[in-house]
2 protein chains.
Amino acid sequence: MRYPAGHKQEKRQELLRVSGALIKANGFSATGVDTLTQGAGVTSGSFYSHFGSKTELLKALIDNELQISREMWAGNPHDTAEEWVNFELDRYLSLGHVNHPESGCVIPALGAEIARADTSVKDLYAQELHKGVVILAKRLGSESLAWAFICQLVGALVLARAMPTTKEKKAVIGASKQFLKHALQVQSTHGHTHPPS
Amino acid sequence: MRYPAGHKQEKRQELLRVSGALIKANGFSATGVDTLTQGAGVTSGSFYSHFGSKTELLKALIDNELQISREMWAGNPHDTAEEWVNFELDRYLSLGHVNHPESGCVIPALGAEIARADTSVKDLYAQELHKGVVILAKRLGSESLAWAFICQLVGALVLARAMPTTKEKKAVIGASKQFLKHALQVQSTHGHTHPPS
DNA sequence: GTCTATAGATGGATAGAC
DNA sequence: GTCTATCCATCTATAGAC
């Protein structure tokens, strides 16, 4: 073959990486295949040797992005539930995350578009997202609390990103952070078994 | 004139109504001007006699939609803060709202796309949204709590809509509802001044 | 496997008749 | 004020050369 072994897999990963950044920043339906491939240094013809359609790319993207998010959680250095959760909370509800969707969580960036995609996309999304909920539930005490936690984070990012000024962005993520830290102390298993002082 | 007085305003309102439903259901960038005008029974040429551009329509839509949301709040029949809030919570976190974005709140449907729009759109959005936060703050005790409340609702709708099954949609909105009802009892002014029993 | 080239449809927006 | 017709760009996807 004219290309070294593993070249296709590398190009695929490169396409996923570049496409993920462009699509999270500019939206899935608003970003064309030409734009995506130009970012990765190939042409649209090459795109279709890696993905059967633009929708197939979206599925690969969701899979990749949610896996990356779980790996970030795995790198959390804290042990106790409270410290672990507060660390993630500060990481997610940060001005850097608000200002850089291209390197951030896929859910606030593409959640609404995933909701409009076909069933196969939503099936994959729900499956991968649930893996994260299971991990989070171990820290928070229940899957119900884990879902509510994620909803709060996602909503805060969606709202904050649509604010025109830094001051307003900070007000939104600050409000969510304060609310969550207080609520989790009360509602989480940890809060019940180890109340502060 | 060949058209009765007020015809233009009526057509504009009709365009706003139809476009709002189509765009909330299918996305702003994914819905073309031809589709929007066909839904209202006119052609694309007519569109540009009402709106200078598709972006101008988005602004008119945001203004209109957030006004409608505030009017819904005004129709809430309850007086006490707890009853008033629980009523809105049940209305927002319902399966009907999840399944019918075309007639629902504009924020979970278009929040991510508003975040990508130009500054004039975000300025208007923040201004109109803040009016709602002020109203909500009177019930919850602070603007900070109002922001957190809205973030939870919006995140829940975004997440629930992307779930493939009714069971999973219910799990998401149910978790958010339970979490909010508990948290607000503790954190709101009402909860502090009128603790249950 | 990637390229060029292109098909066929649709995107936003405008001109001119009525 | 709305219509038809159209411009030009971009869209998703494919065909065929290398």
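Chain A is the first sequence line, chain B the second, and so forth, proteins listed ahead of strands; every chain is numbered from 1. Worth saying up front: this structure is predicted, and the values here are computed from it rather than measured.
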From CG of B:L58 across to P of C:dG12 the rounded distance in Å is 12 Å
Here the distance between atom P of D:dT2 and atom CD of B:E10, to the nearest Å, is 11 Å
Between CZ of B:R12 and P of D:dT2 the distance, given in whole Å, is 12 Å
Q: Decide, yes or no, whether a salt bridge links A:K181 with A:D90 under the criterion of side-chain N to carboxylate O below 4.0 Å.
A: yes
Per-nt protein contacts along nucleotides 10-17 of chain D (heavy atom under 4.0 Å; B base, S backbone sugar-phosphate only, - none) come out as -SSBB---
**Item:** Polar side-chain atom of A:K24 near backbone of A:A109 as donor-acceptor pair, under 3.5 Å
**Value:** no
When rounded to whole Å, the CG to P distance for the pair B:L22 and C:dG11 reads 12 Å
Any side-chain N or O of B:S46 less than 4.0 Å from the OP1 or OP2 oxygen of D:dG1? no
For B:E102 and B:A25, the nearest pair of non-hydrogen atoms, with its separation, is CB-CB, 4.1 Å
Rounded to 10°, the angle between the first-five-pair and last-five-pair axes of the helix from C:dG1-D:dC18 to C:dC18-D:dG1 is 0°
Residue pairs passing the side-chain hydrogen bond (donor to acceptor under 3.5 Å, both in side chains) test with at least one member in residues 30-53 of chain A, sequence neighbours excluded, are none
note: A:E14, atom CD; C:dT2, atom C1'; distance rounded to Å ~ 15 Å
### Query
With a 4.5 Å limit on heavy-atom distance, are the side chains of B:L16 and B:L57 in contact?
yes
Across all chains, not counting sequence neighbours, the ring pair (Phe, Tyr, Trp, His ring centres under 6.0 Å) partners of A:F28 are none
So side-chain hydrogen bond (donor to acceptor under 3.5 Å, both in side chains) across residues 150-167 of chain B, not counting sequence neighbours, yields B:Q152-B:S176, B:T165-B:E168
Please determine whether a side-chain nitrogen or oxygen atom of B:S49 lies at a distance below 4.0 Å from atom OP1 or OP2 of D:dT2. yes
To the nearest angstrom, the CD-P distance between B:Q38 and D:dT2 comes to 16 Å
Atom CD of B:E56 and atom C1' of C:dG12 are separated, to the nearest Å, by 14 Å
Sequence neighbours excluded and cut-off under 3.5 Å, please list the side-chain donor-acceptor pairs for residues 153-160 of chain B, or say none.
none

When rounded to whole Å, the CD1 to P distance for the pair B:I23 and C:dG11 reads 12 Å
query: So, B:Q13 versus B:Q9: side-chain donor-acceptor pair below 3.5 Å or not?
result: no
